[in-house]
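To start, the structure itself, in structure tokens.
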Amino acid sequence: MIDATASTWVLEPGTELIIDREVWRVETCLPHLGRVTLIGDEGAPWKVQLSELIHRPDCRPSTLTRKDLPAASRGRQPKSMADLLPIQQEHVMRRLEHIREIETGYRSGDPDAALPHEPLPQYDPENTTLTQRRKAKEAELRRARAMDPALAKSLALHKVSVRTLARWDTARRKLGPIGLSDDRWLREATGHRITPEVREALFAVRGESLRRAKLTARDRERLIHQYVRETFGEQAKIPSYDVLRRVWRDWFGSNGGRQRYARSAAMAQKYATGRHVVVHRPGQVVALDTTVLPVKVLEDVFGDAVSAHLTLALDVYTHSIVGFRLSLVSDSSIDVAMVLRDMTMPLPMRPDWGEDMQWAYPGIPGTVVADFAGYEVAGLPFFAPETVTTDHGSVYRNHHLVEVQRVLGTNIKPSRVLRPTDKKAVERAFGAIRSLLFALLLGYQGVDTADRGVNPEADACLTVAEMEHILATWIVGIWQNRRFDSYAPSWDPGGDHSPNSLFAASMTQGGFALRIPSPELYYQLLPSHQVMIHGKRGVKIKNLWYDGEALDPYRGELSRRGGKAKNCYVIRRDPRDPCFVFFQDPLTHDWHTLRWVGLPEEGQFPAFSDARVREAMRELRKRGLAPKSDRELLPVLLEVIGGKIPVDRWPTQLTKKQRTEHAREVTQAAAAAADRPADATAAQLAPAAVPAARTGSDDGKVVPLRWRGRAEQGRDAVTNERRRRREAAVPERPAPPPQDLSERLRATSLLALPDDDFNDDTDEPGAAAAAAAEEEVSQ
């Protein structure tokens with residue numbers, strides 16, 4: 001025994017030690033010299049002093065080789081009565097009764113609970129020794145075996161000797177009643193013993209079956225037999241069909257899934273890290289996903305019923321919906337960037353919201369948050385997300401999102417293939433919103449086509465703006481205050497919690513960093529373009545020229561920026577509204593808005609997208625035109641958009657697909673205008689040239705035009721552009737000389753006499769006025 005506590009260490013050759021979670025085997029032990037040689041997994045010897053091993057706090061003997069432990073507890077957790085079957089527990093209690101009778105003379109071990117015939121003379125402790133009582137018990141069990149061998153065998157008492165009774169007594173004193181159990185009852189669960197040849201065949205058939213069509217268990221058994229026979233010969237032993245089926249199920253799972261999904265899951269498992277993420281604070285993991293809104297809505301241009309897309313950002317820890325957006329098109333990288341931006345900014349209060357929906361979290365008063373934000377803040381959490389979990393859409397895998405990650409300091413991680421647990425929270429949120437809100441609205445389409453109504457398009461009565469307002473009100477007023485059913489925190493699983501209360505508790509535990517981004521964050525999240533500044537025409541982006549006064553100091557000059565885009569200027573552009581781009585001054589770092597040079601000076605211009613620009617360029621190439629400026633593109637672009645079509649013919653000339661495209665462009669332009677800072681273009685653009693009201697302005701709302709107003713808007717833009725060209729073509733006329741003072745007094749005096757030499761055929765204005773004044777005086 002070699003231990004500081006003089007207990008259980010036996011350093012014999014072959015004994016295993018656990019040192020700093022590594023297994024070392026004792027090769028030689030020299031107690032008289034105080035040295036021990038250990039062998040690790042890599043085979044390198046380690047000579048160490050006994051005193052060092054004894055006093056190392058991280059050195060423990062391995063239970064695999066400890067002789068003082070029962071065989072059923074070596075290398076495993078200690079055995080207990082709960083591990084035994086009911087019949088086995090009954091056998092243990094019968095053995096315990098025999099041991100108690102040997103020790104005390106009573107089956108119960110207590111004289112106060114003695115049976116009428118106890119103690120028997122051969123078991124009386126006052127008249128017999130322990131050895132005599134054990135021999136008497138052996139003779140009793142021998143007689144029981146002779147009278148009823150089947151019963152004795154069922155009770156596991158048919159081979160009990162004095163030595164067995166002594167061993168049971170020792171184990172009972174050391175381990176309790178479980179020491180009387182048989183180690184064979186709790187033998188190691190090794191499963192089916194598969195030879196290396198069969199194991200290799202199983203994995204080979206597994207890889208082959210993933211590439212083939214779906215196979216049955218009998219088919220896989222035949223392939224295993226074929227592989228073993230051709231690879232190792234006919235002498236190799238193969239288990240039965242039942243054993244192979246059970247082993248296949250234990251190792252690879254059931255065969256109930258589709259082959260395509262099984263292949264994807266196997267590929268994901270190949271590259272899995274095996275780590276489990278424990279979320280313990282708000283913002284640590286945010287699940288982001290987009291789905292088709294199950295309610296038909298009316299678009300804001302033609303009033304047609306269309307399908308919208310709903311994007312949700314859900315905090316996994318508090319289950320708070322920290323970001324949401326409605327769009328008529330599937331989300332793009334700019335939409336994802338704006339949703340991430342919305343997470344970091346507090347949600348402003350709306351006119352019809354009451355005080356119960358304001359910021360009410362402890363730690364930071366709502367007035368302080370309102371002072372930082374510049375407006376009254378609603379009761380919705382906001383923070384900088386650390387990790388955002390998404391699906392595998394292409395919108396999340398592009399260069400723009402990589403730059404957005406850098407700006408926000410957020411990691412965007414795609415979920416594992418066919419692993420619904422990675423985004424189960426946001427998927428469950430979609431289902432909850434469907435059952436709690438969408439199912440009650442007109443235009444609801446149901447879960448699938450079988451549950452669809454007669455005509456959801458005809459039932460649609462909510463516009464996109466109205467649906468967005470209803471959704472925002474429901475999230476802030478209901479979802480954030482709704483009691484959790486199964487998402488209570490680990491530190492209070494039985495308590496009542498909601499997303500708001502859980503976020504408030506997190507603020508109390510770990511504090512809250514009040515960081516509200518500046519309005520310039522909008523520009524930093526836009527896609528960038530590296531271009532040169534033309535001396536007269538400005539900058540060209542996506543076949544359109546943009547210009548403004550902010551480019552005047554830099555026309556014809558190089559930016560002196562190095563790297564891949566050497567000597568180029570960075571221009572930011574919102575793909576949802578190509579009418580404007582944004583330029584940051586290299587000296588002051590102020591942001592300036594550059595207009596499309598084809599944009600009319602007066603009147604609004606119909607919203608358009610990059611698809612419209614490409615369509616206009618195709619139309620120009622088809623006509624053989626080569627315009628020198630974007631002003632010549634305006635008539636063609638208006639014709640493509642539909643602005644030249646007469647108002648009365650719009651519903652008949654445009655198809656449903658074309659009307660939906662126009663409505664999407666208007667909605668995207670309105671969303672881009674709402675995301676821009678309040679003073680982004682107000683100082684440089686006329687009010688009529690701004691596509692929609694800015695967030696934070698006096699108007700405060702985005703009012704898109706209906707289809708009739710949109711047609712008149714395009715026609716007015718063409719008329720104003722033609723008038724401007726005519727005025728630019730006619731030379732300026734000299735201003736008339738100022739009128740003489742006497743003539744001005746004569747023309748305005750009531751006593752002025754009419755001229756005598758005027759022509760009766762021509763009624764001059766001055767003479768008519770004088771005659772009227774004279775007649776009035778005479779009366």
Side-chain angles (χ1 to χ4, degrees), residues 332-342 344-345 398-404 406-408 517-534 537-555 557-559 561 565 567-601 604-605 607-610 612-613 630 665 668-687 689-697 702:
S332 58
S333 60
I334 185 63
D335 296 320
V336 176
M338 292 300 111
V339 171
L340 296 178
R341 172 174 170 261
D342 292 344
T344 63
M345 301 179 64
N398 52 52
H399 297 286
H400 180 212
L401 258 296
V402 173
E403 179 65 16
V404 170
R406 186 195 64 79
V407 174
L408 294 177
S518 61
E520 286 75 15
L521 179 64
Y522 165 76
Y523 305 108
Q524 300 176 12
L525 298 181
L526 297 179
S528 61
H529 301 267
Q530 290 78 19
V531 296
M532 303 289 290
I533 298 179
H534 193 272
R537 304 180 65 181
V539 295
K540 184 179 181 181
I541 299 176
K542 296 286 186 178
N543 295 322
L544 297 181
W545 286 92
Y546 299 86
D547 202 354
E549 297 179 357
L551 299 181
D552 292 343
Y554 308 102
R555 297 184 186 274
E557 294 186 2
L558 302 178
S559 65
R561 298 177 72 252
N567 289 325
C568 293
Y569 290 89
V570 178
I571 305 294
R572 301 283 180 172
R573 173 179 175 274
D574 194 335
R576 300 171 296 177
D577 188 4
C579 292
F580 311 100
V581 295
F582 307 97
F583 169 69
Q584 188 178 24
D585 192 291
L587 298 180
T588 63
H589 286 191
D590 294 334
W591 288 94
H592 303 276
T593 302
L594 306 180
R595 297 163 46 92
W596 175 41
V597 297
L599 194 66
E601 298 293 339
Q604 296 186 359
F605 185 77
F608 64 96
S609 61
D610 292 344
R612 295 287 171 227
V613 176
D630 283 346
E665 292 168 358
Q668 286 182 321
D675 289 332
R676 283 197 290 268
D679 55 348
T681 56
Q684 301 178 4
L685 301 177
V690 183
R694 302 291 188 265
T695 302
S697 63
V702 177

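All values reported here derive from a predicted model rather than from experimental measurement.
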Going through the checks in order, is the side chain to side chain contact (heavy atoms under 4.5 Å, CB included) test met by Cys568 and Val531? CA-CA 5 Å; Cys568 293; Val531 296; 5.9 Å; no
Under the salt bridge (Lys or Arg N to Asp or Glu O under 4.0 Å) rule, what do Asp577 and Arg676 come out as? Steps first, then yes or no, please. CA-CA 11 Å; Asp577 188 4; Arg676 283 197 290 268; 3.6 Å; yes
Do Val404 and Val336 pass the side chain to side chain contact (heavy atoms under 4.5 Å, CB included) test, and can you show the C-alpha distance, the side-chain angles, and the key distance before you say yes or no? CA-CA 9 Å; Val404 170; Val336 176; over 6 Å; no
From CA spacing to verdict: side chain to side chain contact (heavy atoms under 4.5 Å, CB included), His529, Lys542: CA-CA 10 Å; His529 301 267; Lys542 296 286 186 178; 4.1 Å; yes
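One finds the CZ atom of Phe582 at 11.0 Å from the CD1 atom of Ile571 (value rounded to the nearest 0.5 Å). Put simply, OH on Tyr546 and NZ on Lys540 are 12.0 Å apart, with the number rounded to the nearest 0.5 Å. Atom-to-atom distance recorded for Glu520:CD and Asp590:CG is 8.0 Å, nearest 0.5 angstrom.
Using a 4.5 Å cut-off on side-chain heavy atoms (C-beta onward), Pro517 and Tyr522 make no contact. Annotation: side chain of Pro527 is not in contact with side chain of Arg573 (no heavy-atom distance under 4.5 Å). Using a 4.5 Å heavy-atom cutoff, the side chains of Leu408 and Leu521 are in contact. Two residues are said to be in side-chain contact when any heavy atoms from C-beta on lie closer than 4.5 Å; Arg576 and Ile334 meet this criterion.
A search for side-chain hydrogen bond (donor to acceptor under 3.5 Å, both in side chains) contacts involving Gln524 returns nothing, not counting sequence neighbours. The side-chain hydrogen bond (donor to acceptor under 3.5 Å, both in side chains) search around Arg561 returns none, not counting sequence neighbours. Every residue two or more places apart in sequence or in another chain that forms a side-chain contact (heavy atoms from CB on, under 4.5 Å) with Asp547 is listed here: Leu551, Arg555, Val597. In terms of the side-chain hydrogen bond (donor to acceptor under 3.5 Å, both in side chains) criterion, residue partners of His400 (sequence neighbours excluded) are, by chain and number, Ser333. Applying the side-chain hydrogen bond (donor to acceptor under 3.5 Å, both in side chains) criterion to Glu557, with sequence neighbours excluded, gives no partner residue. For the side-chain contact (heavy atoms from CB on, under 4.5 Å) test, residues two or more places apart in sequence or in another chain that qualify with Pro586 are Tyr554, Tyr569, Phe583.
Between the side chain of Thr588 and the backbone N or O of Asp585, no donor-acceptor pair lies under 3.5 Å. In this structure a side-chain-to-backbone donor-acceptor pair under 3.5 Å is missing from Asp675 to Ala672.
A parallel orientation is assigned to the rings of Trp591 and Tyr523, their planes being inclined by less than 30° (bins at 30° and 60°).
Put simply, the residue from Ile541, Leu544, Asp574, Thr593 that forms a side chain to side chain contact (heavy atoms under 4.5 Å, CB included) with Val581 is Ile541.
Annotation: His399, atom NE2; neighbour count of heavy atoms from other residues, nucleotides and ligands within 6.0 Å does not exceed 12.
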